[in-house]
Every structure is written in structure tokens, then in C-alpha cells.
Amino acid sequence: MKQAVNIVWLKRDLRLTDHQPLFNASLSPLPVILLYVFEPSLINAPDGDIRHWRFVWQSLMDIEQKLNHLNQHLTITYGEVIPVLEELQKEFKIVNIYAHQEIGVKITFDRDKAVASFCKQHHVKFTEFQRDAIQRGRKNREQWDEQRLSYLQEPISVINWNRIKTIEAAKINARNLIPEEIKHSHPDFQIGGSTEARKLLDSFLNERIYQYMKQISKPKQSRTGCSRLSPYLAWGNISMREVIHAIANHPVKNNKRMVSFWMSRLQWHCHFIQKFETACEVENQNLNKAFDDVRTEWNQTYFEAWCEGKTGYPLVDACMRCVKRTGYINFRMRAMLVSFLTHNLWLDWKKGAVFLAKQFLDYEPCIHYPQFQMQAGTMGVHIIRTYNPIKQSIDHDPDGAFIKEWIPELSLVPTPALFQPWLMTEIEQKMYKCVIGKDYPFPIVDLKLSANHASTHLWAVKKTKIAKEEGQLILNKLSSRKNDQALLPKTKRSTKNEKQDLNFKLF
Ligand SMILES: Cc1cc2nc3c(=O)[nH]c(=O)nc-3n(C[C@H](O)[C@H](O)[C@H](O)COP(=O)(O)OP(=O)(O)OC[C@H]3O[C@@H](n4cnc5c(N)ncnc54)[C@H](O)[C@@H]3O)c2cc1C
């Protein structure tokens, strides 16, 4: 007679608190297998990188440490999910599988559908719970904002660990198959796990938030001035509701302007994921079909120069080298990297999106792909923005400290020559030990000409009837009813958002 069990299947919800699948499992008298599966198909997917799986491993170790104190168990295995479930079926009678809905790329969506049909076939009840405030199957944003707010304000269900008995499914435990490099930490990256997430949130609310508005756009200062919570939200080490509750219980909430500025970013998090849920084709198709005929030619040399941080534009190259090495760069610099790729180099966004997905430790497909398309101008509903890397350097890295940190070739070059090193005379190049064309590349394209070319072409398409019609459909489907005209957050709009988010003083 097989032992009856419930399974709690962990995916991008790597925490033990505010966890509806675990909470539901705690209500049943059946023992629980708390399961994480390292799936080779995801590990080897084009958008996956070792840094992501290291973060996942660290998150699981953090969970396991907490479980050890509770005398509970985590089962970690390696393999595709269906064979793992088949293996479990041989030993146990699986009654329920509880999981969160994973709003994500096609490969995970197809995997979840396969799990659903496995469950149907084997008479297992598969219950998927809502992720944060994201609603599956929505066709538009009618009433979404109100529902999002009320979801986030609901009390957090506390799990009674005395009522759960987790058992280890020892036969499927395959930790030895997990690539060793995943298990080794790396000093250049943030460390995964809810414990780290909590520490970071505390330090942000206690101190760092006071610098946030000043430092958000600066590539160097944003590394401490921004919350840096993104990988923890992306991999589910902390839920959005937990973040919102932490703010509501912290004295900093009285500093309304500052807090609502940050909360509007948190709000975008949910907005973008909801957008992806409604239009998942954003992963690999232009959302606005009118843009299918622009950027049809590919230039591999340009692409490689961008990927390697060797475009000849110091801020672009510094940002790329920094994100490759550390997994993080701030929002404005991400937007500039995409602008340079798609506008100045006039390359299609798709390969670049996959490349940066691998670099971002906080890779969240539902934010990443819509953001990429917004910056590339292929939604056709926003202002087309081309960032000038020289201006961005002067505005946000005026002493050149960030550029010098990431481009040692330029470390002796003083400002303002640092921002346009190709303008240095031969004598200056020798003096500062940086010969352009030898130590550091000439600019790969002319900034002004390439920006004008992009702007002319994109605006011409944007004005066509088909682009406008497609744009209207996108707005109807993806933007909030309260604020139909804008997907792109603007100053005016954030004022409105601020008002909404101040509703949290309800707490
Ligand atoms: C091309 C491009 C790709 C991006 N890809 C990702 C991605 O894969 N994962 C990801 O989490 N963010 C992505 N972003 C959004 C943004 O750059 C990061 O969320 C932010 O830089 C993370 O730093 P932080 O945690 O210190 O943010 P904070 O400024 O402290 O903001 C707090 C949280 O709000 C959310 N947030 C902040 N800005 C945005 C935004 N513009 N859109 C949506 N949510 C936001 C994030 O969850 C973030 O952790 C992308 C932006 C661009 C332009």
C-alpha cells in the first residue's frame, strides 16, 4: 500500500512565508513532500545562466536551514518534472500538488500544462495559486488596480508548522546530479534567500531609501541607493505583499513623497507581469506588428561589440561590462543599453533581450520582455526614447568614476575627455596611455546620424494606420482603465500612482 502524500512544488516562489501552496498543505493531515526540481531544460535554455541557478541553490539552502530548525525536510532533485512525478508515483500515492502559477516564458508554461495533464491522467488534484497580485486569464485591466490593492493589503496567512509533517522523498533526491558550479557562491553577485531579502529590505527602509530619489539614475550610486530587491522578488524569496506590509509597518511610511516614489516602482512590477500574462507573445514577437519590417538586417560585428562592451562609447561599455560581471545595472542604464542596441546599432531586439536575460540576476521574463519592447519602440504606443550615452555620462557619472571602474583602458583619461575619448589628440592618447583604435575602440557608429536614422524610421512607422490600430488594441488590452493613455510611466502619471499608493495608509 503506497503512502498518500501531498506535494508542494516550489518554482519561482522560494520562501516559506506568505506561501499559499504551503499554507493549504498545512490544512491537510497528509504528509507533504516539499519539492524543488532543477530542470535541465531550463538550466540549458537560451535565457538561463549559471548565476540564476546559483541564486536558486542559495535560496534553497536558506529554506533548508530554516526547515532544519523545524525538523522538516526539503527534497531537491534534478531532472524533468514529469519523469520526477512518475518516479514519485511509484512510491507514493500523490493526492494533491500545490504550486503557484508561474507567469513566465513558453517553456515553463508548456511544462505546467504537461503537469496539469499528468495530474488529470493520474487523478491527482493540481491546485495553482495566484502569484502576487497577478490574475490569470484577464482580457483587460477593468477593475484590476482595485483588486491588486486589496490583494496586497490582505493579511498574510501564517503557517502553523506544528500541523505540517514534511517527509523527504529520498529515492528521488538527486543533489549529486546538480552541476557543482551551481553550488559554489560567487563574491560578485547578490546572495539568494529570504534571509538576505529581509536584511536588504530592512536596510533600505531604515536608511538607504533616503538616497533613493537622488541616486536611482546613477550607475554607481544606485548600487546602494536603490533597494536591490529585484532578484529576491523575481525568484520569490519575498512576496510583494510582504514588502507592502513591511512598508505599512515601518515609520518611513510617513515620508509620503519618498515612499510613494518607491512604491510606484513596486506597482510597475505587478503591472508588467500582468501585461505579460495578457500578452505573452511579447517574449518573441513585436507586440505591434507594424514594426515587423523595421530592423530586418543583422550585423553580427555590431552585436558582438555590444555584448562585449566594446562599442567605443564608454558609458555603454562600462554598463555592459558591469552587468556581465555583477548581474546588476540600474533601470536607466538598462534602457540606455537597449536604446543603443536597437536605435543606434539598428538591430532587432530579440537576440539582445536573450543576451541581457542571461546577465540580469533579477531576470524576470514578464518585466524583461515588455521593457525591452518599450525601449525598442516596438509597441508603438510610447514616446520613442533614444538615450545619448555622452549626455548620460555627464548627467549621471560626472566624475567618470563608474566608467573608470569598469574600463581600465580609460582609467588615466580625465573628464571630460573620458566621455568622448576619440576626440583626444595623439599626444593626449599617449599621455593617458589609451590609444584609440588600439587600447580602446573607435566609436562603432556615429551617435547623431544613427539616432536620427532610428527616429525617422520609427516615427514614420508609428504614424501609419496599421501601427495606430495595433497600438489601440495594445492599449485596450494592456493598460489600466483608469489611465488608458499611457503604458510608459511619466511624471504626471506617477503623481496619480502616488495618490493610489497612499491608500496604503489604510493599514
Ligand atoms: C530593458 C530592461 C529590462 C529589465 N529587466 C528586468 C528584469 O528582468 N527583472 C526585473 O526585476 N526588472 C527588470 N527591469 C526593470 C528595472 O530595471 C529593475 O527592476 C530595477 O533596476 C531593479 O533594481 P532595484 O531592485 O534596486 O529596484 P528599485 O528601484 O528599488 O525598485 C523596487 C522594485 O520595483 C520593481 N521595479 C523597479 N523598476 C521597475 C520597472 N521599470 N519596471 C518594472 N518593475 C520595476 C522591481 O521589482 C524592483 O526590485 C528592466 C528594465 C529594462 C529597461
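Whatever order the structure lists ligands and atoms in, that order sets their numbers, starting from 1.
With a 4.0 Å cut-off on non-hydrogen atoms, Asp362 touches ligand 1 through its backbone as well as its side chain. Under 4.0 Å from ligand 1, the heavy atoms of Leu233 that appear belong solely to its side chain. With a 4.0 Å heavy-atom cut-off, ligand 1 is reached by the side chain of Phe360 but not by its N, CA, C or O. Neither the backbone nor the side chain of Phe204 comes within 4.0 Å of ligand 1, counting heavy atoms alone.
Taking the six-membered ring for Trp and thresholds of 30 and 60 degrees, Trp235 and Phe55 have ring planes inclined between 30 and 60 degrees apart.
Considering backbone and side-chain atoms alike, Leu229 places an N or O below 3.5 Å from some N or O of ligand 1. Below 3.5 Å of separation, one finds an N or O of Ser227 facing an N or O of ligand 1. For a threshold of 3.5 Å applied to N or O pairs, the pair formed by Trp268 and ligand 1 contains no separation below that value.
Distances from atom 45 (C) of ligand 1 to the heavy atoms of Gln359, Arg265, Met374, Arg334 put Arg265 nearest. Proximity annotation for atom 47 (O) of ligand 1: of His269, Gln375, Met263, His269 comes nearest, heavy atoms only.
Centroid-to-centroid, the aromatic rings of Trp57 and His184 stay 6.0 Å apart or farther. Here Phe23 and His19 keep their ring centres 6.0 angstrom or further from each other. The aromatic ring centroids of Tyr328 and Phe189 lie 6.0 Å or more from each other.
The closest approach between a heavy atom of Trp262 and any atom of ligand 1 is below 4.0 Å. Tyr212 counts as a contact of ligand 1, since one of its heavy atoms falls under 4.0 Å from the ligand. Heavy-atom distances between Ala234 and ligand 1 stay at or above 4.0 Å for every pair.
Phe38 places a side-chain heavy atom less than 4.5 Å from the side chain of Val56.
Counting atoms of ligand 1 from 1 in the listed order, those under 4.0 Å from a heavy atom of Tyr363 are 8 (O).
With a 6.0 Å cutoff to the six-membered ring centre and a 45° limit on the axis angle, Lys11 counts as a cation-pi contact of Trp9.
The distance from the CG atom of Asp397 to the CG atom of Asp399 is 6.0 Å, given to the nearest 0.5 Å.
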